[in-house]
Amino acid sequence: MDQEKIREAVRLLLEGIGEDPDREGLLETPDRIARMCEQIYGGLAQDPAEHLDKQFHAVNNQMVLEKDITFYSMCEHHLLPFYGKAHVAYIPDERVAGLSKLARTVEVFARRPQIQENMTAQIANALEEHLKPKGVMVMVEAEHLCMTMRGVQKPGSKTVTSVVRGAFAEDPSLQQMFLQMVKG
């Protein structure tokens, strides 16, 4: 990341809204924002393979679900946060990833400017590509500050997106089991 460009952009933004970037409370803001961007947008420099390529042999080829994975992301349209929970399931084909690797995969994609619909698909794509499972289902529930702070101003509303692939798409009972497990 180009820290100097970020600092310059923040100074220009502050001036553009009518603030004085040299005011005591704002003096260090450009530097703070530049450092914050390293964390918030750190997924841009990450490859999900670094998490999903470490796998283990498993005899259980039933559904594996990691639910309630908390995430924070940034809407690419307004650069405002959206946050919520991701629920990620797959049906292994004799290989499983460590459970923390599913949460780390969610983080890779959440730490990029984007839209929730794409993030949901990216998580599913990464699981399919690296785990080669029999099926994948991903559901993301999030509140978008672009809807609560501005525009329609509806705090508490949630957007739910899902992607269903393979055995989950072919067998509606697997989708029902996923939903029951997520709600349970």
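Both backbone and side-chain heavy atoms feed into the values below; hydrogens, waters and symmetry mates do not.
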| field | Leu127 side chain reached by Leu52 side chain, heavy atoms, under 4.5 Å | value | yes
| request: Could you tell me whether a side-chain N or O of Glu143 sits under 3.5 Å from a main-chain N or O of Tyr83, the two making a donor and an acceptor? | output: no
| said: Within the 4.5 Å heavy-atom criterion, are Gln175 and Met137 side-chain neighbours or not? | reply: yes
| task | Using atom types as modelled and distance alone, determine if a side-chain donor or acceptor of His87 lies under 3.5 Å from a backbone N or O of Asp68. | result | yes
| task | Take Arg150 and Leu80, measure what side-chain contact (heavy atoms from CB on, under 4.5 Å) needs, and give me the verdict at the end. | result | CA-CA 10 Å; Arg150 55 157 306 281; Leu80 286 172; 4.0 Å; yes
| request: Kindly say whether Met181 contributes a backbone atom to a donor-acceptor pair with the side chain of Lys67 at under 3.5 angstrom? | output: yes
| Between NE2 on residue His77 and NE2 on residue His144, distance to nearest 0.5 Å | 11.0 Å
| field | Non-hydrogen side-chain atoms of Asn61 and Pro92 separated by less than 4.5 Å | value | yes
| remark: Rounded to the nearest 0.5 angstrom, the CG-CD1 distance for Leu13 and Ile33 is 9.0 Å
| field | Distance-only donor-acceptor check, side chains Gln116 and Thr161, under 3.5 Å | value | yes
| request: Give a yes or no answer on whether the side chain of Arg111 reaches the backbone of Gln39 with a donor-acceptor pair at less than 3.5 Å. | output: yes
| message | When you measure from the side chain of Glu38 to the backbone of Gln3, do you find a donor-acceptor pair of N or O atoms at a distance under 3.5 Å? | response | no
| request: Would you check if the side chain of Gln114 reaches a backbone N or O of Glu76 as a donor-acceptor pair within less than 3.5 Å? | output: no
| If you group Ile, Leu, Val, Met, Phe, Trp and Tyr whenever their side-chain heavy atoms sit less than 4.5 Å apart, what else falls in with Val163? | none
| task | Please tell me if the side chains of Asn125 and Arg165 come closer than 4.5 Å, counting only heavy atoms from C-beta onward. | result | yes
| task | State whether the side chain of Arg104 and the backbone N or O of His51 hold a donor-acceptor pair below 3.5 Å, judged by distance alone. | result | no
| query | Tracing side-chain links under 4.5 Å among I, L, V, M, F, W and Y, which residues wind up in one group with Val152? | reply | Met147
| task | Mind checking the CD1-CD1 spacing from Ile69 to Ile123? Nearest 0.5 Å is all I need. | result | 7.5 Å
| query | Pick one: which of Leu44, Val10, Ile6 meets side-chain contact (heavy atoms from CB on, under 4.5 Å) with Cys37? | reply | Ile6
| Crowding at CD, Gln153 (>12 non-hydrogen neighbours, <6.0 Å) | yes
| task | Heavy atoms only: give me the nearest Gly135-Phe168 pair and the separation to one decimal. | result | C-CD1, 3.5 Å
| task | Please report the C-alpha distance between Arg7 and Asp2 in whole Å, then the side-chain angles of each, then the deciding distance to 0.1 Å, and finally whether the salt bridge (charged side-chain N to carboxylate O under 4.0 Å, His left out) criterion is met. | result | CA-CA 9 Å; Arg7 285 190 285 274; Asp2 190 329; over 6 Å; no
| task | Report yes if some heavy atom in the side chain of Leu179 is under 4.5 Å from a heavy atom in the side chain of Met139; otherwise report no. | result | yes
| Does Val164 share a hydrophobic cluster with Tyr90, counting links as ILVMFWY side-chain heavy atoms below 4.5 Å and allowing steps through other members? | no
| Sub-4.5 Å side-chain heavy-atom contact between Cys75 and Phe82 | yes
| note | Besides Ile115, the hydrophobic cluster formed by Ile, Leu, Val, Met, Phe, Trp and Tyr side chains linked at under 4.5 Å, directly or via other members, contains none
